There are 2 protein chains.
Amino acid sequence: MMMDQSCPGKVEPILEILDGKWMLILLFELFNGNKRFGELRRKLHPISPKTLTDRLRLLEEKGIVTRTIYPGVPLHVEYDLTESGRGLQPIFEAMWTWTQSYGAYLRNETNEGEEAGKVM
Amino acid sequence: MMMDQSCPGKVEPILEILDGKWMLILLFELFNGNKRFGELRRKLHPISPKTLTDRLRLLEEKGIVTRTIYPGVPLHVEYDLTESGRGLQPIFEAMWTWTQSYGAYLRNETNEGEEAGKVM
DNA sequence: CTGGATCCACTACGATACTG
DNA sequence: CAGTATCGTAGTGGATCCAG
């Protein structure tokens, strides 16, 4: 593992993908299989359609997801991870491991507090 | 490795730490040993003192770094990683691995183009 | 040397309404 | 169903100057 001084600059672009209010949970949903727009919208409720579109388009640009259109009425569009997208999973796992070891009290920031006895 | 539906919410708080324009490179500098304010300021040039202070304070709150003051004139303050902070390294390594495999063309976004042969 | 104080700009994100 | 168009907001990082 080469971790020299130029790493931060090289690694930083990943944050465009992992960053922001919805990206993590969005990617997580996609890890569990391809999904349609409305499906994602329900899972990420109360995300706005504009924001969901923005995030999805960014992921598409970055080669993380594919967008497949099945013509017909009603319209049918599927979002799926590319191989590159699936390759992000080890990063999630590393984050998850860290969270379990050290992240206990960080919860109070983004979660609003009603997660006390939740299932995990 | 348990990765169920509530993981994203649990993992998300890490992004407060990894997130933002300077956090990655800041943490990276700290991985290479404790540093003083001015030292970090030079390494992260052209970061503003306000922003550097903000980032450092956040990391302190989260238990990622310690701030040690050595009284005297001129003032001497050292920033160092806690064990929790050092525990972030596997996440960096996972990101680094991903970058090398899939992230080749992502570079053009955050780097403005004049970084070609830069040492950093 | 190590910041605090102020002011400002940008942009992610949201609400809502509308369309092929 | 799957978005687009518009408008609005709030938080975050930056510039600059000042202070213990």
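Side chains included, hydrogens not; waters and symmetry mates left out as well; all remaining heavy atoms used. A, B, ... follow the sequence lines: proteins, then strands. Residue 1 opens every chain. This structure is a prediction, so every number in the text was calculated from the model and none was measured.
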Sugar-phosphate only, base, or nothing, as touched by B:Thr51 at under 4.0 Å among non-hydrogen atoms: base
Touch class at under 4.0 angstrom, heavy-atom based, for A:Tyr79 against every strand present: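 Sugar-phosphate contact only.
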Ring geometry between B:Phe92 and B:Phe31 (parallel below 30°, tilted from 30 to 60°, perpendicular above 60°): perpendicular
Could you work out which one of [options] sits closest to the side chain of [X]?
{"X": "B:Lys50", "options": "C:dT6, D:dA5, D:dG3", "value": "C:dT6"}
{"X": "B:Trp22", "options": "D:dA2, C:dT2, D:dG13", "value": "D:dG13"}
{"X": "A:Ser48", "options": "C:dC1, D:dG3, C:dA15", "value": "C:dA15"}
{"X": "B:Arg41", "options": "D:dA15, C:dG4, C:dT2", "value": "C:dT2"}
{"X": "A:Lys21", "options": "C:dT2, D:dT16, C:dC13", "value": "C:dC13"}

Taking only the side-chain nitrogens and oxygens of [X], find out if one of them lies under 4.0 Å from OP1 or OP2 of [N].
{"X": "A:Arg57", "N": "D:dA2", "value": "no"}
{"X": "B:Arg36", "N": "C:dT2", "value": "yes"}
{"X": "A:Arg55", "N": "C:dC13", "value": "yes"}
{"X": "A:Arg67", "N": "D:dA2", "value": "no"}

Is the side chain of [X] donor-acceptor paired with the backbone N or O of [Y] at a distance under 3.5 Å, no angle test?
{"X": "B:Ser84", "Y": "A:Tyr102", "result": "no"}
{"X": "B:Arg86", "Y": "B:Leu81", "result": "yes"}
{"X": "A:Lys43", "Y": "A:Arg41", "result": "no"}
{"X": "B:Lys10", "Y": "A:Trp96", "result": "no"}

Can you measure [X] atom [atom1] to [N] atom [atom2] for me and round it to whole angstrom units?
{"X": "A:Lys35", "N": "D:dC1", "atom1": "NZ", "atom2": "P", "result": "17 Å"}
{"X": "A:Leu58", "N": "C:dA12", "atom1": "CG", "atom2": "P", "result": "9 Å"}
{"X": "B:Leu52", "N": "D:dG13", "atom1": "CG", "atom2": "P", "result": "12 Å"}
{"X": "B:Leu26", "N": "D:dG13", "atom1": "CG", "atom2": "P", "result": "12 Å"}
{"X": "B:Asp54", "N": "D:dA15", "atom1": "CG", "atom2": "P", "result": "14 Å"}
{"X": "B:Glu39", "N": "C:dG3", "atom1": "CD", "atom2": "C1'", "result": "16 Å"}
{"X": "A:Glu12", "N": "D:dG13", "atom1": "CD", "atom2": "P", "result": "12 Å"}
{"X": "A:Leu56", "N": "C:dC13", "atom1": "CG", "atom2": "P", "result": "13 Å"}

Closest-nucleotide 5' rank along DNA chain C - winner of A:Leu75 and A:Gly20: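 Result: A:Gly20.
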Earlier contact from the 5' end, DNA chain D, for B:Pro49 and A:Arg42: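 On the 5' side of the pair lies A:Arg42.
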Presence of salt bridge, B:Lys62 and B:Glu16, under 4.0 angstrom: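 Salt bridge flag = yes for B:Lys62 with B:Glu16.
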